[in-house]
Trainee: 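Here it is, the structure in full.
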Amino acid sequence: MAWRSHGDTNTELVNNLKDNGLIKDERVREAMLKVDRAHYAPRSPYEDAPQPIGHKATISAPHMHANACESLLPFLYPGARVLDIGSGSGYLTAVFANLVGPSGAVIGIDHIQPLVDMAETNMRKSEEGRKMLNLGHVRFVKADGRNGFKDEAPYDAIHVGAAASEHQKELEEQLKAPGRLFVPVASEDGYGQHVYVVDKKEDGTVERKKLYGVQYVPLTDAPPE
Ligand code: SAH
């Protein structure tokens, strides 16, 4: 099912994801309809598949983007503050921005400057994207995501688009209470990765829930410039 949602247009792709049960919530469908994947994926943008974007990075498959949105959705309310770590193409950052609206704020960070620049260029391809960048609702910043981004913390939602080698306390500390972190983490035995949803409760306690196995680009040291 996950790979059968290809479309000839962005609208077709998004509606197929919905029909195949990969998008469940109408808010996610609407936000994904507003962001044309062709502005972010270099070729075959309406295939439900990951694509290389250079610098050893990939834009994730649309069903993975949908799933990240669905998982974080209760914390992506209008006005929420969001951190997107490993923002790569900038696609998901833009979808988050549509979910939290003009009263919210989304920061995309990546440790490779050309990808930070690419994400901004991609988002500037639409009038809506230009507006959000110009008004400061969305910012792309070069930083090491393993440290989160303290300057703008705390966040309602943190998304990590690359696999961490272990649970990063620093990211949990930068969540609001309540707040939610979506993070792929490598297994301790070195084989495979799993997505975790980490909830910080109102009383500050943290609960980690292991979801499903995935294959993400690892969260690494920045390559030498
Ligand atoms: N959500 C993005 C995923 C890009 S792939 C998209 O769908 O387009 C993962 C990204 O994580 C890459 O762009 C890579 O440069 C970035 N990355 C890897 N390690 C990082 C680190 N330590 N800090 C910040 N970004 C990192």
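Predicted model only: the values in this text are computed from it and were never measured. Whatever order the structure lists ligands and atoms in, that order sets their numbers, starting from 1.
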Trainee: Just to be sure I'm reading this right: ignoring hydrogens, which of S89, G161, A57, P50 gets closest to atom 9 (C) of ligand 1? Compare them by their nearest heavy atoms.
Mentor: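 Answer by nearest heavy atom: G161.
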Trainee: I need the nearest protein heavy-atom contact for atom 23 (N) of ligand 1: residue, atom name and distance, please.
Mentor: G145 N, 2.7 Å
Trainee: Provide, to 0.1 Å, the distance between atom 19 (N) of ligand 1 and the closest protein heavy atom, together with that atom's residue and name.
Mentor: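 Residue, atom and distance for the closest contact: T220 N, 3.0 Å.
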Trainee: Between S60 and ligand 1, does any nitrogen or oxygen pair lie at a separation below 3.5 Å?
Mentor: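 Yes; at least one N/O pair falls below 3.5 Å.
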Trainee: Would you say ligand 1 has an N or O under 3.5 Å from any N or O of A162?
Mentor: no
Trainee: Is T58 near ligand 1, meaning one of its heavy atoms is under 4.0 Å from it?
Mentor: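 Heavy atoms of T58 do come under 4.0 Å of ligand 1.
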Trainee: Between D36 and Y46, is any side-chain donor less than 3.5 angstrom from a side-chain acceptor?
Mentor: yes
Trainee: How close does the nearest protein non-hydrogen atom get to atom 11 (O) of ligand 1, and which residue and atom is it?
Mentor: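 Here the nearest protein heavy atom works out to G86 CA, 3.3 Å.
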Trainee: Do NZ/NE/NH1/NH2 and the carboxylate oxygens of R139 and E120 come within less than 4.0 Å?
Mentor: no
Trainee: Parallel, tilted or perpendicular: which describes the rings of F182 and H159, with under 30° parallel and over 60° perpendicular?
Mentor: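 Ring orientation of F182 relative to H159: parallel.
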Trainee: Nearest to atom 15 (O) of ligand 1, what protein heavy atom do you find, and at what distance?
Mentor: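 The closest one turns out to be D110 OD1, 2.7 Å.
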Trainee: Nearest 0.5 Å, please: how far is CE in M118 from NE2 in H55?
Mentor: 5.5 Å
Trainee: What about H111: any of its N or O atoms under 3.5 Å from an N or O on ligand 1?
Mentor: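 Yes - when backbone and side-chain N and O of H111 are compared with those of ligand 1, one distance drops under 3.5 Å.
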Trainee: Counting from 1, what ligand 1 atoms have a heavy atom of I59 closer than 4.0 Å?
Mentor: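 Ligand 1 atoms under the 4.0 Å threshold to I59: 6 (C), 7 (O), 8 (O).
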Trainee: Between the main-chain N or O of G88 and the side-chain N or O of D110, is there a donor-acceptor pair closer than 3.5 Å?
Mentor: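 Yes; at least one donor-acceptor contact below 3.5 Å.
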Trainee: Using a 4.0 Å heavy-atom cut-off, which part of A222 comes near ligand 1: side chain, backbone, both, or neither?
Mentor: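 Under 4.0 Å from ligand 1, A222 contributes no heavy atoms.
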Trainee: Just jot down the ligand 1 atoms closer than 4.0 angstrom to any heavy atom of P218, in number order.
Mentor: 18 (C), 19 (N)
Trainee: Take every heavy atom of A143, measure it against each atom of ligand 1, and state whether any distance is under 4.0 Å.
Mentor: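 Judged by the 4.0 Å heavy-atom criterion, A143 does count as contacting ligand 1.
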Trainee: Quick one: look at H65 and ligand 1, take heavy-atom pairs under 4.0 Å, and tell me if it's side chain, backbone, both or neither.
Mentor: side chain
Trainee: Answer yes if the side chains of N98 and R27 hold a donor-acceptor pair under 3.5 Å, and no otherwise.
Mentor: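 Their side chains do not contain a donor-acceptor pair, so the 3.5 Å distance test is not met.
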Trainee: Need the ligand 1 atom indices (1-based, order shown) with element for anything under 4.0 Å from a heavy-atom of R146.
Mentor: 22 (N)
Trainee: If you measure only the distance, is there a donor-acceptor pair under 3.5 Å linking the side chains of N16 and R4?
Mentor: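 The criterion, which ignores hydrogens and geometry beyond distance, is not satisfied for R4 and N16.
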Trainee: Decide, yes or no, whether a salt bridge links K200 with E207 under the criterion of side-chain N to carboxylate O below 4.0 Å.
Mentor: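 Here K200 does not pair with E207 in a salt bridge, since their nearest N and O are not under 4.0 Å apart.
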Trainee: Will you find, in the side chains of Q113 and D117, an N or O donor that is under 3.5 Å from an N or O acceptor?
Mentor: yes
Trainee: Is the closest N or O pair between Y91 and ligand 1 shorter than 3.5 Å?
Mentor: no
Trainee: Test of understanding: given a 4.0 Å heavy-atom threshold, classify the contact between L115 and ligand 1 as side chain, backbone, both, or neither.
Mentor: side chain
Trainee: Judged by atom type as modelled, is there a donor-acceptor pair below 3.5 Å linking the side chain of D156 to the main-chain atoms of A80?
Mentor: no
Trainee: Counting heavy atoms only, which part of D144 comes closer than 4.0 Å to ligand 1: side chain, backbone, both or neither?
Mentor: both
Trainee: Side chains of H39 and N122: do they bring a donor and an acceptor to under 3.5 Å?
Mentor: no
